Amino acid sequence: MQENKIFGINGPVVTVLGRTDLSMSEMVYVGKKGLIGEVIRLDKDKAVIQVYEETSGLKPGEPVKSTGQPMSVTLGPGILDNIFDGIENPLEAIADCAGAFIPKGVRPAPLDENKLWDVTVTAKAGDVLSGGDIYATCPETQVITHKIMVPPDVSGKVIEAKPDGKYKVNDTVVVIETDRGEKKNLTLCHKWPIRTPRPIAERKLPTKPLITGQRSIDTLFPIAKGGAAAVPGGFGAGKTVVQHQLAKWCDADIIIYIGCGERGNEMTQVLNEFKEIIDPQTGKPLTNRTTLIANTSNMPVAAREASIYTGVTIAEYYRDMGYHTAMMADSTSRWAEALREISGRLEEMPADEGFPAYLPSRLSEFYERAGYSQNLNGTEGSVSIVGAVSPQGADFSEPVTQNTKRFIRCFWALDKSLAYARHYPAINWNDSYSEYISDLSPWYTENVGEDFVACRNEVCTILAEEKNLMEIVKLIGSDVLPDDQKLIIETARVIRVGFLQQNALIDIDTYVTLSKQLKMMQTILLLHHLAKELVTKQIPLSKITATGIFDKLIQIKNNIPNDRLEMFDEYNQQIRAALATVEA
Amino acid sequence: MIIEYSGLKEINGSLVVLDNIKDAAYDEMVEIRLDNGSSRTGRVVQIDGERVVVQVFEGTKGISLVNTQSRFTGHPIELSLAPEILGRVFDGLGRPADGLGEVYPKEKRDVNSSPINPVSRVYPKNYINTGISAIDALTTLIRGQKLPIFSGSGMKHNELAVQIVKQASVADGEDFAIVFAAMGVKNDVADYFKRSFEKANVMDKVVMFLNHSNDPIVERIMTPRCALTAAEYLAFELNMNILVILTDMTSYAEALREFSSSKGEIPARKGFPGYLYSDFASIYERAGIIKGKKGSVTQIPILTMPNDDINHPIPDLTGYITEGQIVLDRGLDAKGIYPPVGILSSLSRLMKDGVGAGYTREDHSKLSDQLFSCYAKVQDAKSLASVIGEDELSPADKRILEFGKRFEKEFISQTQSENRTIIQTLDLGWELLRMLPREDLDRLDDKTVEKYYYQK
């Protein structure tokens, strides 16, 4: 085998001269320290390698070792309740062996190789297994059973199955013989290239919502299980809070949280909070079903580019076991900037704002990995993706936001002016949309209430009418409006403050069940309808507002817990009583 | 064996190209001696086989293709560190500039450092009392935070920074120190800081790194890195609480742009290099607290927004990395209000976990929410008044306008030596809220109102 040597170094980009035996997208070890790199371009006289670690100190002439494999992640038990960097280096293990700062070239195995797992081997000698089939299971955390599957590109007949017992990730538990007569040892883990989607049997239409407990999302702009959503917003608009809320409360089985080029302290916060939060679904800490991928903004930029793929590959792996996974990526703009940075180093011709011309195709490849599917082994699972976008200067016309919009069906536009007024979540109800609403309507009707969709649509209409009225008010003040239009403005205020605004820091309000969301809408609309009747009877609106009933409804969110929905009856009575006094 | 290479192949701006070099390492430091006996420092920024591109920090004036001897040192740019650096003044590259001689190093550190492992960080929660109401109540500064001041030319950001340093340091006592890095600031400004530190009697707790506006720009790129290396040493070796002031990040970014374009790199927005975000992050992310260490690094970078535009790439990218921002407002400044903190666009991301019962007072976050919300309404009323005239406003709008005036004059505004306690600040906030009727206060629950709004 020919030995490859470093010729040129420019930031994270290293070149090797001559006709090499390296192949495209192959993973290589660069230099004496064995930094991880990936081949990104091959010319007739040179190979270009993107290095995932800091290159300072590297010298020309140092060796480049090929691995013969594309950039891959190791998939097996031990992924959950763990924190990795963008190329699956376990950060806790690194901290244990190298201290508080991350040095280069230190690389413990991604999954703990010494831990013993309680494995139940479900395959028997003589079974015929094909790609995706489950041959063993083990409890990975207190709440998640890890199903160990045949790699999608392998199949064959079992010739040996070990008994149940304790095994390490690299121990062989099943030996199969492929059609070509090769023997293959199956351990508890296998590798999968991060840029190749894991195969599925069939894509299905997403018809179930991903329930998040956030009123603006569940009611106004829902996302389906297997859907893709984008959260764009300038800095300070609250992207991260929205992402954290979704990660904490959404009803997916597995949560993958990717901190892609974001703040170190934020990742620490996620780490601490997830440990403390008791999951409402299982009663155990949330970390039992989460994985964090942290590639903070000061960690190597090439690994930031890879982190998104590492995350989605892990999500697909758990989907294949039949779980619903949700992946939060904060933020995809940093990922796009990593692409731009590397593209610049390669001296490629830039397109919009210096981003490479292949930005849209990379974005679509990524978002298309979301979906609700029937897996190879017959189970059903889904990957939902929520990507934050940090547009430069909060300008939604920039390339990353615009191109992302083409590949997602749910858009939660965060608004700086709402955030300035401390209206959280700052999801702008005029600019946001969800295309899933028609797919999900049957589910809501069947499972929440027959009038859910009708109520939701009426709320949207009131908000839209308010927007038009506010343009008039801005010019001439609200006094000149007729009472029925003033009522729209008053109801819209109750909806905005009492329904859309939701405080993540108040226990009673941070997560709200769908039935409570429906009740809240019903109560607000009840007041609206009754007040409208009075207004048409020429009773002045000012008399109705003087009863304070509108402000009372705003406090519902702080006063009625999720499990005491009967309290809404009191409010309904109060509404009727208040209006009766006005009418009398 | 150390080899010296004589002569250069090419000179282009601050970059020089050497040929036939064996064994150069990426990012290593290069010493270039001139025939006249002077010497300069450089850094390897690109290698293509035996052709090496070196960035010369002091500039290339006076260098010719034949009059140099270059030596590759085999290590990256390092800073000499010892407890004695406290009270010293260095130039932008970390060399003594106060005539007191070299520092005898206890330790030498690579100025580029390594990223802090997120697993090893401690989430910052301990608040710093600055004595400035607009900051303490509404954009609380937390130890270990990076909270920049977004200013414009001519506004009082330097005064504000000095006031924060003075009042925060008094409260902190013994193990407190300041690392001050000036990048491309005028000599007067650097002097102003020096004089203010002397006046406040903290000069022996200050380490200064000065790169004046007439110093070489390439050196400017290393200045914040030297300063933060010193800060990390003091914080994580000597267990001190360090406040780092970096001024002015705009000059820094412009230096980076100049350097990038001389290297012929493809520009992104406004000619800044595509890696500006990553480069900023490698500076700002060096703030924080580490598990098992007593010290902390808190950063207050100051930047002047070109043309007061907060969407300019420099403030924009900074805001995406830092944990909030304190934005100074031209309108308030023109009204003579000091500090002119535009509170609606200002934010402290770490505030929510560092205030409230046990830290400041239980009502803090609710009060600040309400103040923000009321002050946002002031802006609506103002814009309405500018269309229809103040006289035509509804009584509710007039009331809120009056609130706005008093809020700016009494709450935001204070003198440069006024040091308010957090309790004074919060009580002042309630006093102003009492101008408004209960139903205007939509962010407060009944319990809080009962305890703080009605009780006088």
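Quick caveat: nothing in here was measured; it's all calculated off a predicted structure. Chain letters run A, B, ... following the sequence lines, proteins first, then strands; residues in each count from 1.
For Ile83(A), the part lying near chain B is the side chain, with the backbone staying farther off; criterion is any non-hydrogen pair under 4.5 Å. With a 4.5 angstrom heavy-atom cutoff, Pro118(B) touches chain A via backbone and side-chain atoms both. Interface residue Ile388(B): only side-chain heavy atoms are found under 4.5 Å from chain A. Asn265(A) touches chain B through backbone and side chain together, each having a heavy atom under 4.5 Å away. Heavy atoms closer than 4.5 Å to chain A are found in the side chain of Ile266(B), but not in its backbone. Both the backbone and the side chain of Ala25(B) come within contact range of chain A, each with at least one heavy atom under 4.5 Å from a heavy atom of that chain. In this structure, chain B has heavy atoms under 4.5 Å from both the backbone and the side chain of Met299(A). Both the backbone and the side chain of Ser390(A) have a heavy atom closer than 4.5 Å to some heavy atom of chain B. Of the two parts of Ala24(B), only the backbone, made up of N, CA, C and O, holds a non-hydrogen atom closer than 4.5 Å to a non-hydrogen atom of chain A. If you measure heavy-atom distances from Ile9(A) to chain B, the contacts under 4.5 Å come from both the backbone and the side chain. Both the backbone and the side chain of Arg121(B) come within contact range of chain A, each with at least one heavy atom under 4.5 Å from a heavy atom of that chain. Proximity to chain B (any heavy atom under 4.5 Å) is shown, for Arg263(A), by both the backbone and the side chain. Neither the backbone nor the side chain of Val44(B) comes within contact range of chain A; no heavy atom of the residue lies under 4.5 Å from a heavy atom of that chain. In this structure, chain A has a heavy atom under 4.5 Å from the side chain of Arg443(B), while its backbone stays farther away. For Lys239(A), the part lying near chain B is the side chain, with the backbone staying farther off; criterion is any non-hydrogen pair under 4.5 Å. Both the backbone and the side chain of Ser114(B) come within less than 4.5 Å of a heavy atom of chain A. Using a 4.5 Å cut-off between heavy atoms, Asp309(B) makes no contact with chain A at all. Proximity to chain B is limited to the side chain of Leu505(A), based on heavy atoms less than 4.5 angstrom apart. With a 4.5 angstrom heavy-atom cutoff, Glu92(A) touches chain B via backbone and side-chain atoms both. Only the backbone of Val473(A) comes within less than 4.5 Å of a heavy atom in chain B; its side chain stays farther off. With a threshold of 4.5 angstrom between heavy atoms, Pro315(B) approaches chain A through N, CA, C or O but not through any side-chain atom. Using a 4.5 Å cut-off between heavy atoms, Glu348(A) contacts chain B through its backbone alone, with no side-chain atom that close. Residue contact with chain A, scored on non-hydrogen atoms closer than 4.5 Å, involves the backbone of Thr322(B) exclusively. Interface remark: Lys293(B) contributes no atoms to any contact with chain A (heavy atom separation under 4.5 Å). Neither the backbone nor the side chain of Lys291(B) comes within less than 4.5 Å of any heavy atom of chain A.
Here the side chain of Lys557(A) pairs a donor or acceptor atom with the backbone of Gln501(A) at under 3.5 angstrom. Judged by distance alone, with hydrogens and angles left aside, the side-chain atoms of Asp110(B) form a donor-acceptor pair with the main-chain N or O of Asn112(B) at under 3.5 Å. Checking side-chain atoms of Thr229(B) against main-chain N and O of Arg225(B) turns up a donor-acceptor pair under 3.5 Å. Looking at Glu398(A), its side chain never comes within 3.5 Å of a backbone N or O of Pro391(A) through a donor-acceptor pair. At least one donor-acceptor pair under 3.5 Å links the side chain of Glu62(A) to the backbone N or O of Lys59(A). For Glu53(A) (side chain) and Pro300(A) (main-chain N/O), no donor-acceptor pair under 3.5 Å exists by modelled atom type. Checking side-chain atoms of Thr15(A) against main-chain N and O of Gly8(A) turns up a donor-acceptor pair under 3.5 Å. The main-chain N or O of Gly11(A) is found under 3.5 Å from a side-chain atom of Tyr26(B) such that the two form a donor-acceptor pair. Side-chain atoms of Glu323(B) never come within 3.5 Å of backbone atoms of Ile142(B) as a donor-acceptor pair (strictly under, hydrogens ignored). One N or O on the side chain of Arg340(A) and one on the backbone of Glu353(A) form a donor-acceptor pair closer than 3.5 Å.
Atom CG in Leu91(A) sits 4.5 Å away from atom CG in Asn117(B) (nearest 0.5 Å). Rounding to the nearest 0.5 Å gives a distance of 12.0 Å between NE2 of His312(B) and CD of Gln392(A). Interatomic distance, CG of Asn559(A) versus CD1 of Ile554(A), reported as 12.0 Å (0.5 Å rounding). Interatomic distance, CG of Leu441(B) versus NZ of Lys366(B), reported as 13.5 Å (0.5 Å rounding). Between atom OG of residue Ser260(B) and atom OH of residue Tyr275(B) there is a gap of 4.0 Å, rounded to the nearest 0.5 Å. Here the CD1-CG distance, from Ile293(A) to Asp330(A), works out to 13.0 Å after rounding to the nearest 0.5 Å.
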- [ ] Any chance you could lay out the side chain to side chain contact (heavy atoms under 4.5 Å, CB included) test for Gln502(A) and Tyr424(A), step after step, and finish with the verdict?
- [x] CA-CA 6 Å; Gln502(A) 190 168 353; Tyr424(A) 290 123; over 6 Å; no

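Contact count versus chain A (heavy atoms, under 4.5 Å) is highest, among Ile116(B), Val387(B), Val53(B), Asp397(B), for Ile116(B). The choice from Glu262(A), Glu266(A), Arg304(A) that makes the most heavy-atom pairs within less than 4.5 Å of chain B is Arg304(A). When Gly354(A), Gly344(A), Gly57(A), Ala95(A) are compared by the number of non-hydrogen pairs under 4.5 Å with chain B, Gly57(A) comes out ahead. For the set Tyr284(B), Tyr123(B), Tyr375(B), the count of heavy-atom pairs under 4.5 angstrom toward chain A peaks at Tyr123(B). The most heavy-atom pairs under 4.5 Å with chain A, out of Ser278(B), Ala268(B), Ser282(B), come from Ser278(B). Comparing Gly288(B), Ser345(B), Gly324(B) by how many heavy-atom pairs each has under 4.5 Å with chain A, the most go to Ser345(B). Considering only heavy-atom pairs separated by less than 4.5 Å from chain B, the leading option among Thr296(A), Val14(A), Asp85(A), Thr55(A) is Thr55(A). Taking Pro103(A), Ala294(A), Ser333(A), Ala100(A) one by one and counting their heavy-atom pairs under 4.5 Å with chain B, the maximum is reached by Ala100(A). Chosen from Asp27(B), Asp23(B), Ile290(B), the residue pairing most often with chain A at heavy-atom distances under 4.5 Å is Asp23(B). Across Leu347(B), Ile321(B), Leu276(B), the residue that shares the most heavy-atom pairs under 4.5 angstrom with chain A is Ile321(B). The residue among Gly548(A), Ser343(A), Ser297(A), Ser331(A) with the most heavy atom pairs within less than 4.5 Å of chain B is Ser297(A).
A 4.5 Å side-chain heavy-atom check between Val122(B) and Thr268(A) finds every atom pair outside the cut-off.
In this structure, Arg334(A) satisfies the cation-pi test against Tyr277(B), with its NZ or CZ atom closer than 6.0 Å to the six-membered ring centre and inside 45 degrees of the ring normal.
No side-chain donor from either of Thr139(B) and Ser346(B) sits under 3.5 Å from a side-chain acceptor of the other.
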